[in-house]
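Scope of the values below: all heavy atoms of this structure, side chains included, with no hydrogens, waters or symmetry mates. Quantities reported herein were computed from a predicted structural model and do not represent experimental measurements.
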Amino acid sequence: MLLKDFYTANTLETVENMSTATITINKNHEIFKGHFPGNPVTPGVCMMQIIKELTEGIVNKKLFMQSSSNIKFMAIINPEKNPDLVLTLDITQTDDTYKVKNVTTFEDTVALKLTANFKTQ
């Protein structure tokens with residue numbers, strides 16, 4: 001985990017190429033003291049890192065992001081109000097590349113959509 005204690009992975013279920021993970025963001029993490037005091041917002045780059053780490057766990061390989069074609073931040077993820085997230089990961093493999101289509105939600109709100117290609121290290 002790149003950011004120690006930033007989130008907890010609660011569940012991870014995989015059926016064929018579709019995985020669903022539930023995580024909880026640590027609202028007391030140091031990052032929120034600067035992003036932003038009194039109104040914490042989960043940084044988008046941290047969400048991208050979480051998707052990478054979950055994908056690494058699913059495919060059991062170290063990865064790096066080669067490209068992304070679609071990243072849409074659609075709602076603010078405030079860890080004090082909505083720490084519990086559901087991430088769906090549609091992962092397809094071609095040679096040493098994994099294409100990941102992600103949708104991240106809290107309650108009934110879509111917070112993030114991402115399509116990225118990860119390459120094995």
Side-chain angles (χ1 to χ4, degrees):
M1 193 177 289
L2 186 63
L3 293 171
K4 187 175 192 255
D5 300 323
F6 186 72
Y7 71 98
T8 302
N10 303 314
T11 65
L12 178 62
E13 297 176 7
T14 301
V15 177
E16 296 180 9
N17 63 321
M18 293 294 296
S19 296
T20 303
T22 59
I23 67 167
T24 301
I25 302 291
N26 176 5
K27 67 180 180 179
N28 298 314
H29 194 273
E30 289 287 316
I31 204 161
F32 295 114
K33 291 181 180 175
H35 203 267
F36 297 95
N39 188 27
V41 174
T42 303
V45 69
C46 294
M47 290 304 304
M48 293 168 64
Q49 180 67 26
I50 290 169
I51 293 165
K52 174 188 169 275
E53 290 176 4
L54 290 172
T55 303
E56 286 177 330
I58 293 163
V59 303
N60 199 30
K61 295 183 192 266
K62 294 297 284 177
L63 304 171
F64 70 93
M65 185 183 286
Q66 183 178 30
S67 64
S68 60
S69 58
N70 185 22
I71 302 173
K72 293 182 181 178
F73 297 99
M74 304 174 74
I76 291 172
I77 301 172
N78 180 328
E80 292 180 353
K81 295 179 182 174
N82 304 102
D84 299 317
L85 305 175
V86 176
L87 292 88
T88 59
L89 303 151
D90 181 353
I91 303 170
T92 54
Q93 180 182 5
T94 56
D95 299 320
D96 63 346
T97 303
Y98 293 89
K99 181 175 184 176
V100 179
K101 293 181 183 178
N102 164 260
V103 177
T104 299
T105 60
F106 58 84
E107 297 171 359
D108 292 330
T109 302
V110 175
L112 167 64
K113 290 184 177 182
L114 174 139
T115 301
N117 292 304
F118 294 95
K119 191 165 177 72
T120 57
Q121 291 189 19

I76, CD1: over 12 other non-hydrogen atoms inside 6.0 angstrom: no
Step-by-step side-chain contact (heavy atoms from CB on, under 4.5 Å) determination, V86 to T20: CA-CA 7 Å; V86 176; T20 303; 3.7 Å; yes
Under 3.5 Å donor-acceptor, T24 side chain and T8 backbone: no
Least distance between heavy atoms, P40 atom then P79 atom: O-CD, 3.6 Å
Min side-chain heavy-atom separation I31-P43 under 4.5 Å: yes
Exam field: side chain N26 to backbone D5, donor-acceptor pair closer than 3.5 Å: yes
Inter-residue atom distance S19.OG - I91.CD1, 0.5 Å rounding: 4.5 Å
Between OG1 on residue T14 and CG on residue L12, distance to nearest 0.5 Å: 4.5 Å
Show every donor-acceptor pair shorter than 3.5 Å between a side-chain atom in residues 44-53 and any protein atom, with sequence neighbours excluded, or say none if there are none.
unit_1, atom_1, unit_2, atom_2, d
Q49, NE2, E53, OE2, 2.9
K52, NZ, E56, OE2, 3.0
K52, NZ, L63, O, 3.3
E53, OE1, Y7, OH, 2.7
E53, OE2, L2, N, 2.8

Main-chain N/O of T88 paired with N102 side-chain donor or acceptor, under 3.5 Å: yes
Over 12 non-hydrogen atoms of neighbours within 6.0 angstrom of CD in Q121: yes
L89 reachable from V110 in the ILVMFWY side-chain graph, under 4.5 Å edges: no
Greater than 12 external heavy atoms within 6.0 Å of N70's CG: yes
Gap separating the CG atom of N60 from the OG1 atom of T55, nearest 0.5 angstrom: 12.5 Å
Test side-chain contact (heavy atoms from CB on, under 4.5 Å) applied to T94 and D96, T97, T92, the passing residue: T97
Listed once per pair and sorted, the ring pair (Phe, Tyr, Trp, His ring centres under 6.0 Å) pairs that draw on residues 89-121, sequence neighbours left out: none
Interatomic distance, N117 atom CG to K99 atom NZ [nearest 0.5 angstrom]: 6.5 Å
Atom pair CD (E16) and CG (D90), whose distance is rounded to the nearest 0.5 Å: 10.5 Å
CA sep, side-chain torsions, deciding dist, call: E107, N82, side-chain contact (heavy atoms from CB on, under 4.5 Å): CA-CA 8 Å; E107 297 171 359; N82 304 102; 3.5 Å; yes
K119 NZ: over 12 foreign heavy atoms closer than 6.0 Å: yes
Linked, directly or transitively: I77 and V103 (ILVMFWY side chains, under 4.5 Å): no
Test item: P83 and K27 side chains (from C-beta on) under 4.5 Å apart, heavy atoms: no
Single-linkage hydrophobic cluster, 4.5 Å side-chain cutoff, I23 and I58 together: yes
Any donor-acceptor pair under 3.5 Å from H29 side chain to K4 backbone: yes
